[in-house]
Each structure stands twice: as C-alpha cells, then as structure tokens.
Amino acid sequence: MQSQIEYVLHSAEERGIRFIQLWFSDILGTPKSFTITPSELENALEEGMTFDGSSIEGFSRVQESDVIAKPDPETFQILHWKNEQYPTARIFCDILNLDNSPFEGSPRQVLKKSLEKARLKGFSFYAAPEIEYFYFSNKNILPPQPLDNGSYFEITSESLSSSLRQQAALSLEEMGIPVEYTQHEDAPGQQEIDLRYTDALTMADSIVTTRIIVKEIAEREGVWASFMPKPLSGIQGSGMHTHLSLFQGDANAFYDPQDEYNLSQTARFFIAGLLHHAREITAVTNQWINSYKRLIAGYEAPVYISWARNNRSSLVRVPITRSTRPDSTRIEYRSPDPACNPYLAFSLILEAGLKGIEKEYELPLETTKNLYLLDTKQMKEEKITALPPNLGEAIQIMEDSELVYEVLGEHVFEWFIKNKKNDWAQYQANVSQFELERYFPRL
C-alpha cells in the first residue's frame, strides 16, 4: 500500500496535477465528489478526508453525520478527457466511520465485503458488461429526439454519434480502462460500449467512470447522453448484459473440459443460485420505475427466469466459447440495466451465485424454446416463472429476502426499500400523459 501511495504522490507531482477529485457514490449509484489540492493529497491518502455524511442522501443521520473518505490509491487516474487549463486527476474512495471501520451506507464497501466472502471460499469474481445508452439532440426536448437514425452495427462514420462514441472509448483507454467493442445498437441513437473483463470492484468503478465520461463528452458537443433504461416507446431499451466468471487462482472455476459444454458443476450451481434468487435481486439490478418498461416481451430483454446456451430470450445465457479458448467459459446475466448501482448489483449477483454453490441448488433443464412465443399455459408446463413486472412488486419481493438483507446490510437495505417505496407511491398517484390522451376525451 505504501509503495502505491508513493507512486500516486510522484505521479501527481510529475504530471503537474493541480486538483484531485475524490469520487464515491451514494446508495442509488449517483456519483459524488469533492476536490482537494496536491498539498492535501498525502494526508488524504494516509488518513482520509472527513466530510458531512448527512448531506449525502442515504448516508448518515444528522446526529451521527461525519464520515471519512479514504482514497484507494490503486484507482488514481488523470482525467485526460477534460482538457482543462489545470490538470485534474481522480481517485475512488472507500467511506469509513470515524473509527476507520467500513461505513455501512457505502455501496463500495458492500461489494468489498461480498468479494472478501468469495475470497474466503477460494474464488475471485470477474465481470464484463455491455453498456448500452442513447445519444439525444437535446435533453430539454420531449419526447427525446435521437441524434441519428442508425441501426445495429451500422457504419455511421460521418455522424456525430460515431465521433462521440469513439471519443468516449479513447478516453476510457487513456484512463487504463480497456474497451473490447464499441458499436451502434439496434435503435436510432443507441450505442454500446463493451468493457474488457476485470475483477468486479475495478469493473464497478469503471462503469461509474464510463457513465461520467460518456455524459461529459456529449455535453461538450451540446448533446445529451442517457442511460435511462427505456427512454423511447416502441423500440428496445438499454440493457447492461454482464458476462461473469469465477476463478480459483488462475483456473476458471466455470470450466470443465470433461463436460459436453465445458460447463463445470460449480458453474451449474452458480447459475441455479442466480435463477433461484433472481426475483429477489431484481429491485437492485433494475432499480427504477422505468427499468420495467424495458423488461417486457418483444424487445430482446429478459422476462422469464430460465437459462440456455444460445437462447437470448433467457435470463442467463451461457455463450458458446471458441474452440481455441474453451477455458473462457462464462455466463451472461441479462437483466441489469446501465442505470443500476453496479456495486450493489454485483454484490447480489455474486452472492446469489455463491448461495447456489453453497446449497448445491439443482439447475433446471436448459430452455431451448423461444420464451416470447409461449402462452401462460405453456409457461406453467415448462415450470418457468417471470421477473417482477414492476418496481412495486420487485420491492415487495426484495423486502422478504433474507439473502438481500444479509448482503446489503441493515442500513442500505432499509434505506433502499424506503426510497423505492416512495418512488412507487408517487408514480401510482401520478396521472400520466397516456391516461389523459386515452381516457379524458371519452370519459
């Protein structure tokens, strides 16, 4: 740790860094930061910086307000994309109580606790998300107007969308965040950036960074980038399909060369755990009212709790690996959207899978049928259930979950439930434009 601190101090001096932003997120995943100067950097790295936690929604109560932001020196990066007069860097922070114990309301600490639990079982957890989002011409024009009319994989080399996506990818690479693919997605204005797999904590930090970079680069050009799960009616929404793997040392714990599909028993237990607890964790992987406008049949989003090797209507997919890379066996969890809090989402995904391994859950039969074409009777015959259809039901299911309570801890669990119940109550009380247009003229 000391050598890493020395590296940060040396890098800041050598690069002429004038400001250092200390980054963290609240319980919903909203990025927060405050800025220090180089003269405070060494003290911040050694002891942390105290601030008023009661000013951050979901953090501390007024009577116990102060917390410590302790920078993680391994996350020090220069913010190249800003092109500011004064060079600026950022560091992600762990939030601590005044006695230096982990702060119960910190999402990053929740994930670190889950990763430590996995480590004690001999596992390390890796993730690789496919982050979808939209570019719109202006955030003040409703309904939103897509910046382009492109479609899947369309070459739009002359468009501003393509340029913005490339700038974002280059900025991520400059910050040491490897990008595997970028592409135009199915819908007009819709883009995708796929990050190369890494450990789950680094990836959660990278997702937060990606959202900030994409938005700031777009705003420089007067464009609005949106990670809203379903910003437009009648077309697909934005997901964050996430590829997952467990390793034991250097060995992929999901890989078994003796299995017909190279899928180990550990992988099968992990998938079974995800399926078993999927309904309980959906309020976190899909935390907004709007998230459930995406999770409907007909728009390539998962609705039904099932798994398959090559069936994109399933919640869990096992991608077919290349013959030259059989040890790259992984699973893809398809319900999360890019507006989730990645720290909490990864924690629950990991621990749902670990619970499957611990309890040796039986994996249901693989689903080979197109689930979107099955009726209710056929679903019952196949013993396939669905994800919650709305946030209200998702919160009710989460509230009864021992797993989610255990993973998130009392502080985050209770605040999250309260916040989402309030959202749902306001939504139910609101008279929508749809209702006015459909009913007001004739009732």
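Throughout, residue positions are numbered sequentially from 1 according to the sequence presented.
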| said: Side chains of Asn286 and Cys340, heavy atoms from C-beta outward: is any pair under 4.5 Å? | reply: no
| message | His10 vs Glu13, test: side chain to side chain donor-acceptor pair (under 3.5 Å). Steps then yes/no. | response | CA-CA 5 Å; His10 176 73; Glu13 182 178 4; 5.4 Å; no
| task | Mind running side chain to side chain contact (heavy atoms under 4.5 Å, CB included) on Arg334 and Glu332 for me, showing each step along the way? | result | CA-CA 6 Å; Arg334 297 175 59 80; Glu332 178 187 0; 2.9 Å; yes
| said: If you define the side chain from C-beta out and look only at heavy atoms, does anything of Leu28 sit under 4.5 Å from Lys420? | reply: yes
| Minimum-distance pair of heavy atoms, taken over all atoms of Leu244 and Arg330 | O-CB, 3.3 Å
| If you draw the axis of the six-membered ring of Trp288, does the NZ or CZ of Lys293 fall within 45° of it and under 6.0 Å from the ring centre? | no
| request: Decide yes or no for Pro129 and Met203: does some side-chain heavy atom of the first lie under 4.5 Å from some side-chain heavy atom of the second? | output: yes
| remark: Rounded to the nearest 0.5 Å, the CD atom of Glu132 sits from the CD atom of Gln190 at a distance of 5.0 Å
| query | How long is the span from the CD atom in Glu221 to the OG atom in Ser163, to the nearest 0.5 Å? | reply | 6.5 Å
| Any side-chain heavy atom of Leu111 within less than 4.5 Å of one from Leu344? | no
| field | Asn252 side-chain N/O to Thr329 backbone N/O, donor-acceptor pair under 3.5 Å | value | yes
| query | Is the backbone N or O of Arg309 less than 3.5 Å from a side-chain atom of Glu366, with the two atoms forming a donor-acceptor pair by type? | reply | yes
| message | One pair to check against side chain to side chain contact (heavy atoms under 4.5 Å, CB included): Thr285 and Gln287. What are the steps and the verdict? | response | CA-CA 6 Å; Thr285 59; Gln287 68 167 326; over 6 Å; no
| query | Got a donor-acceptor contact below 3.5 angstrom from the Arg90 side chain to the Thr75 backbone? | reply | yes
| request: Evaluate the criterion side chain to side chain contact (heavy atoms under 4.5 Å, CB included) for residue pair Thr35 and Leu22; output intermediate values, then yes/no. | output: CA-CA 6 Å; Thr35 303; Leu22 305 187; over 6 Å; no
| said: Run the side chain to side chain contact (heavy atoms under 4.5 Å, CB included) test on Glu185 and Gln236 for me, step by step, so that the C-alpha distance in whole Å, both residues' side-chain angles and the decisive distance to 0.1 Å come before the verdict. | reply: CA-CA 10 Å; Glu185 256 298 336; Gln236 71 179 51; 3.5 Å; yes
| message | Quick one, Ser314 with Ser306, criterion side chain to side chain donor-acceptor pair (under 3.5 Å). Give me CA distance, side-chain angles, the key distance, then yes/no. | response | CA-CA 5 Å; Ser314 295; Ser306 62; 3.3 Å; yes
| task | Working to the nearest 0.5 Å, report the span between CD of Gln248 and OG1 of Thr266. | result | 6.0 Å
| request: Write down the atom of Pro338, the atom of Ile131, and the distance for their closest heavy-atom approach. | output: CB-CG2, 4.1 Å
| salt bridge (charged side-chain N to carboxylate O under 4.0 Å, His left out) assessment of Asp337 paired with Lys230 | CA-CA 10 Å; Asp337 62 51; Lys230 183 83 168 185; over 6 Å; no
| said: Quick check for you: to the nearest 0.5 Å, what is the distance between Leu387 atom CG and Leu295 atom CG? | reply: 6.0 Å
| message | Do Ile289 and Trp424 have side chains that approach each other closer than 4.5 Å (heavy atoms only, starting at C-beta)? | response | yes
| query | Ignoring hydrogens and geometry, is there a side-chain-to-backbone donor-acceptor pair from Gln145 to Pro143 under 3.5 Å? | reply | yes
| note | Separation between CG (Leu275) and CD1 (Ile305), nearest 0.5 Å, reads 7.5 Å
| query | When you measure from the side chain of Glu435 to the backbone N and O of Ser432, does any donor-acceptor pair fall under 3.5 Å? | reply | yes
| Aromatic ring proximity His243/Tyr333, centre distance under 6.0 Å | no
| Parallel, tilted or perpendicular: ring planes of Phe270 versus Phe125, cut at 30 and 60 degrees | tilted
| field | Check: Ile331 and Ser245 side chains under 4.5 Å, non-hydrogen atoms | value | no
| request: Assign the ring pair Phe136 / Phe134 to parallel, tilted or perpendicular, where the plane angle (0 to 90°) is split at 30° and 60°. | output: parallel
| said: Classify the ring geometry of Phe51 against Phe34: parallel below 30°, tilted from 30° to 60°, perpendicular beyond 60°. | reply: tilted
| request: Without swapping roles, check the side chain of Ser25 against the backbone of Pro31 for a donor-acceptor pair under 3.5 Å. | output: no
| note | Nearest heavy-atom approach of Gly48 to Ile68 is CA-CG2, 3.7 Å
| Atom CG of Leu365 with >12 non-hydrogen neighbours under 6.0 angstrom | no
| Full working for side chain to side chain donor-acceptor pair (under 3.5 Å) between Ser114 and Glu351 | CA-CA 7 Å; Ser114 295; Glu351 297 225 34; 2.7 Å; yes
| task | Report the C-alpha separation of Asp94 and Arg108 in whole Å, then their side-chain angles, then the decisive distance to 0.1 Å, and conclude whether the salt bridge (charged side-chain N to carboxylate O under 4.0 Å, His left out) test is met. | result | CA-CA 7 Å; Asp94 291 313; Arg108 200 170 192 265; 2.8 Å; yes
| request: State, yes or no, whether a side-chain contact exists between Ile395 and Ile417 at a heavy-atom distance under 4.5 Å. | output: yes
| said: Just checking Arg279: does its CZ atom have more than 12 heavy atoms from other residues, nucleotides or ligands closer to it than 6.0 angstrom? | reply: yes
| Below 4.5 Å, heavy atoms only, C-beta onward: do Ile217 and Ser171 meet side chain to side chain? | yes
| message | Does the plane of the ring in Phe227 sit parallel, tilted or perpendicular to the ring in Tyr133? Use 30° and 60° as the thresholds. | response | tilted
| task | Please confirm whether the backbone N or O of Asp205 pairs with a side-chain atom of Trp23, one donor and one acceptor, at under 3.5 Å? | result | no
| message | Test your reading of the model: is there a side-chain donor-acceptor pair from Lys113 to the backbone of Val407, 3.5 Å cut-off? | response | yes
| said: If you apply the rule ring-ring contact (aromatic ring centres under 6.0 Å, His included), what do you find for Tyr126 with Phe247, and how did you get there? | reply: CA-CA 8 Å; Tyr126 290 81; Phe247 273 71; 5.3 Å; yes
| message | Counting only heavy atoms not in Tyr197 (residues, nucleotides, ligands), do more than 12 fall under 6.0 Å from its OH? | response | no
| query | Distance from Lys117 atom NZ to Ser347 atom OG, nearest 0.5 Å? | reply | 9.5 Å
| field | Within 6.0 angstrom of Asn422 CG, more than 12 heavy atoms from elsewhere | value | yes
| NZ or CZ of Lys215 within 45° of Trp224 ring axis and under 6.0 Å | yes
| query | So, the side chain of Ser264 versus the backbone of Asn262: is there a donor-acceptor pair under 3.5 Å, distance only? | reply | no
| said: Minimum heavy-atom separation for Ile5 and Pro73, please, with both atom names. | reply: CG1-CG, 4.2 Å
| request: Provide the closest heavy-atom pair for Ala200 versus Phe346 in the form atom of the first, atom of the second, distance. | output: O-CD1, 3.6 Å
| request: Please confirm whether the backbone N or O of Ile27 pairs with a side-chain atom of Asn341, one donor and one acceptor, at under 3.5 Å? | output: yes
| So does Glu192 pair up with Arg165, basic N to acidic O under 4.0 Å? | no
| query | Closest approach of Ala168 and Ile193, non-hydrogen atoms and distance? | reply | CB-CD1, 4.1 Å
| message | Tell me whether Glu180 at atom CD has more than 12 heavy atoms from other residues, nucleotides or ligands lying less than 6.0 Å away. | response | yes
